[in-house]
K.L.:
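For reference, the structure I am asking about is given below.
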Amino acid sequence: MIVRFGYVAMSTVVKNASPSKTMTMASFTKLNNRDAAIRKLERIAAENLHNTLRLLKHNRAYDIKVYRFSSKLIPLATHADLTDWDPFIALKDDFADVGKYVREHGMRVSFHPDHFTVLSTPRPEVLQNSIRDLQHHVQMLDAMGLNAMAKNNIHIGGAYKDKQTASARFEENFRGLDPRIQERLTLENDDKTFTAQETLAVCQNLGVPMVLDIHHQWVNNDGEKPWELWSDILKTWQGNLAQADATLDQPLPPKIHVSSPKSPTELRSHADGVEVAPLLAFLREIAPYTPALDVMIEAKSKDTALFDLMKDLSNFSEEGVKILSEASVEVLA
DNA sequence: ACCTGTCAAGTCTGG
DNA sequence: CCAGACTTGACAGGT
């Protein structure tokens, strides 16, 4: 099994390369020239995209093929007071440059719209804002010229004291989405509400690939071991929306998220790094029937956590873990 | 240079 | 019905 590692949004190695610089609505309003204020927003966005490209070049240098973009590339992009603003006109080339680099180097990229995107909500205005946010993420990927292999990963959302009804409502709302949004979605189990089994059931009903977060599964489960769900999770990546796009030239490897608890009393919080043992136990279990896997590291130390994990993995070279590059390994079955 | 409160957005809990 | 927690990087405004 070939395993590629990636990280989220920002680097702790590359300095002054934030892809998430922003402007608050308060300071936007303070600027008396609205056109100038909008140009400033566009300058910040261009800087974020430029830093994103710098990070991708850093990734390229270390063979990091898996990366999650910041959702905050364009400040205030979906704010209610700025609906007349189309940032994609001014940022066309900046987005295209990022997408071109991704395609040229065969990278796997994604977004993770944050927890305000809730398709299980009973509130119409929240649903509308969620759809708007998803549209925005699709528009960014389209502006990069990336096909449906580039996904937007979300959670099911709130339970509203009735998970059955909430997940049914999620499914109903999903079915009402534009196919361009649908084909780019993946669903991830969360650490408080919807377990891996419950998330898997929704993925199966909708034909959506499931991203298994093994830390979330550890703190929020139905008594199963994570690998006991894997053969079914694997199927959600095959023969569904992940490959519905005729332009997809190769199957998309399944993806998991990994992180470690910050402390014994803060089990859900993310630690600086990632513990090798639980991850390796999982990888060994699934290696016999999983040809390829992408692993998103969600740790405070970002790419440094990735490099540290690779160092830890290198200690298992006598035990079936073959180091392939700075950010990929082969786990022998 | 460093510190603290705040930020557009949702949900859940507890008062 | 409302305040605070949750969680996170960065702003904004202070020293």
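A, B, ... follow the sequence lines: proteins, then strands. Residue 1 opens every chain. Because only heavy atoms are used, hydrogens play no part in the values below, and waters and symmetry mates are left out as well, while side chains stay in.
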K.L.:
Return the value, rounded to whole Å, for the distance between atom CZ of Arg123(A) and atom C1' of dG10(B).
P.N.:
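Nearest whole value for this atom pair: 7 Å.
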K.L.:
Got a second to check how far Thr12(A)'s OG1 is from Asp303(A)'s CG, nearest 0.5 Å?
P.N.:
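Answer rounded to 0.5 Å: 4.5 Å.
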K.L.:
Scan residues 262-286 of chain A for pairs that pass salt bridge (Lys or Arg N to Asp or Glu O under 4.0 Å), counting only residues two or more places apart or in two chains.
P.N.:
Asp191(A)-Arg268(A)
K.L.:
Look at the rings of Phe69(A) and Tyr67(A) and say which category their plane angle falls in: under 30° parallel, 30 to 60° tilted, over 60° perpendicular.
P.N.:
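Judged by the thresholds at 30° and 60°, the geometry between Phe69(A) and Tyr67(A) is perpendicular.
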K.L.:
Find the distance between CG (Asn147(A)) and CD (Glu183(A)) and round it off to the nearest 0.5 Å.
P.N.:
8.5 Å
K.L.:
For dG9(C), take OP1 and OP2 only and decide whether either is under 4.0 Å from a side-chain N or O of Lys302(A).
P.N.:
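Checking dG9(C) against Lys302(A), a side-chain N or O does come within under 4.0 Å of OP1 or OP2.
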K.L.:
Spell out, as yes or no, whether a donor-acceptor pair under 3.5 Å connects the side chain of Ser130(A) to the backbone of Val118(A).
P.N.:
yes
K.L.:
Base of dA8(B), side chain of Thr78(A) - is there a donor-acceptor contact under 3.5 Å?
P.N.:
yes
K.L.:
Grab the NZ-C1' distance between Lys21(A) and dC11(C) for me, whole Å please.
P.N.:
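Rounded to whole Å, this separation is 10 Å.
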K.L.:
Could you tell me how far apart Ile74(A) (CD1) and dG9(C) (P) are, to the nearest whole angstrom?
P.N.:
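That distance rounds to 21 Å.
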K.L.:
Give me the one residue out of Val321(A), Ile2(A), Leu309(A) that meets side-chain contact (heavy atoms from CB on, under 4.5 Å) with Val329(A).
P.N.:
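For Val329(A), the side-chain contact (heavy atoms from CB on, under 4.5 Å) test succeeds with only one of Val321(A), Ile2(A), Leu309(A), which is Val321(A).
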K.L.:
Report yes or no: does Glu198(A) contribute a side-chain atom to a donor-acceptor pair with the main-chain N or O of Thr195(A) at less than 3.5 Å?
P.N.:
yes
K.L.:
Over how many whole Å does the gap from Lys72(A) atom NZ to dC7(B) atom C1' extend?
P.N.:
9 Å
K.L.:
Indicate whether OP1 or OP2 belonging to dG9(C) is found under 4.0 Å from a side-chain N or O atom of Ser20(A).
P.N.:
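For Ser20(A), the contact criterion (side-chain N or O under 4.0 Å from OP1 or OP2 of dG9(C)) is not met.
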K.L.:
dT8(C), dA9(B), dT7(C): which one has an atom nearest the side-chain heavy atoms of Phe116(A)?
P.N.:
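Taking heavy atoms from C-beta onward, the closest nucleotide is dA9(B).
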K.L.:
Look at the side-chain N and O atoms of Ser27(A) and state whether any lies under 4.0 Å from the OP1 or OP2 oxygen of dA12(C).
P.N.:
yes
K.L.:
Using nucleotides 13-15 of chain C, report all nitrogen or oxygen pairs with the protein that are shorter than 3.5 Å.
P.N.:
unit_1	atom_1	unit_2	atom_2	d
dG13(C)	OP1	Lys30(A)	NZ	2.3

K.L.:
Can you see if the side chain of Ser18(A) gets near the phosphate of dG9(C) - specifically, an N or O under 4.0 Å from OP1 or OP2?
P.N.:
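No, because none of the side-chain N or O atoms of Ser18(A) sits under 4.0 Å from OP1 or OP2 of dG9(C).
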K.L.:
Salt bridge or not for Lys235(A) and Asp232(A), using N-O below 4.0 Å?
P.N.:
yes
K.L.:
Between Tyr160(A) and dT11(B), does any side-chain N or O lie under 4.0 Å from OP1 or OP2?
P.N.:
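Yes, Tyr160(A) has a side-chain N/O under 4.0 Å of OP1/OP2 on dT11(B).
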K.L.:
Can you give me the dot-bracket string for DNA chain B, 5' to 3', counting Watson-Crick and G-U wobble pairs with both distances under 3.5 Å, using [ ] for crossing pairs and | for partners on another strand?
P.N.:
|||||||..||||||
K.L.:
Using atom NZ of Lys40(A) as one end and atom P of dC11(C) as the other, report the distance to the nearest whole Å.
P.N.:
10 Å
K.L.:
For Asp81(A) and dA9(B), give me the distance from atom CG to atom C1', rounded to whole Å.
P.N.:
13 Å
K.L.:
Got a salt bridge between Arg43(A) and Glu47(A), using NZ or NE/NH1/NH2 to carboxylate O under 4.0 Å?
P.N.:
no
K.L.:
Let me know the distance between CD1 of Ile44(A) and P of dA10(C), rounded to the nearest Å.
P.N.:
13 Å
K.L.:
Could you give the NE2-to-P distance, from His115(A) to dG10(B), as a whole number of Å?
P.N.:
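Result: 9 Å.
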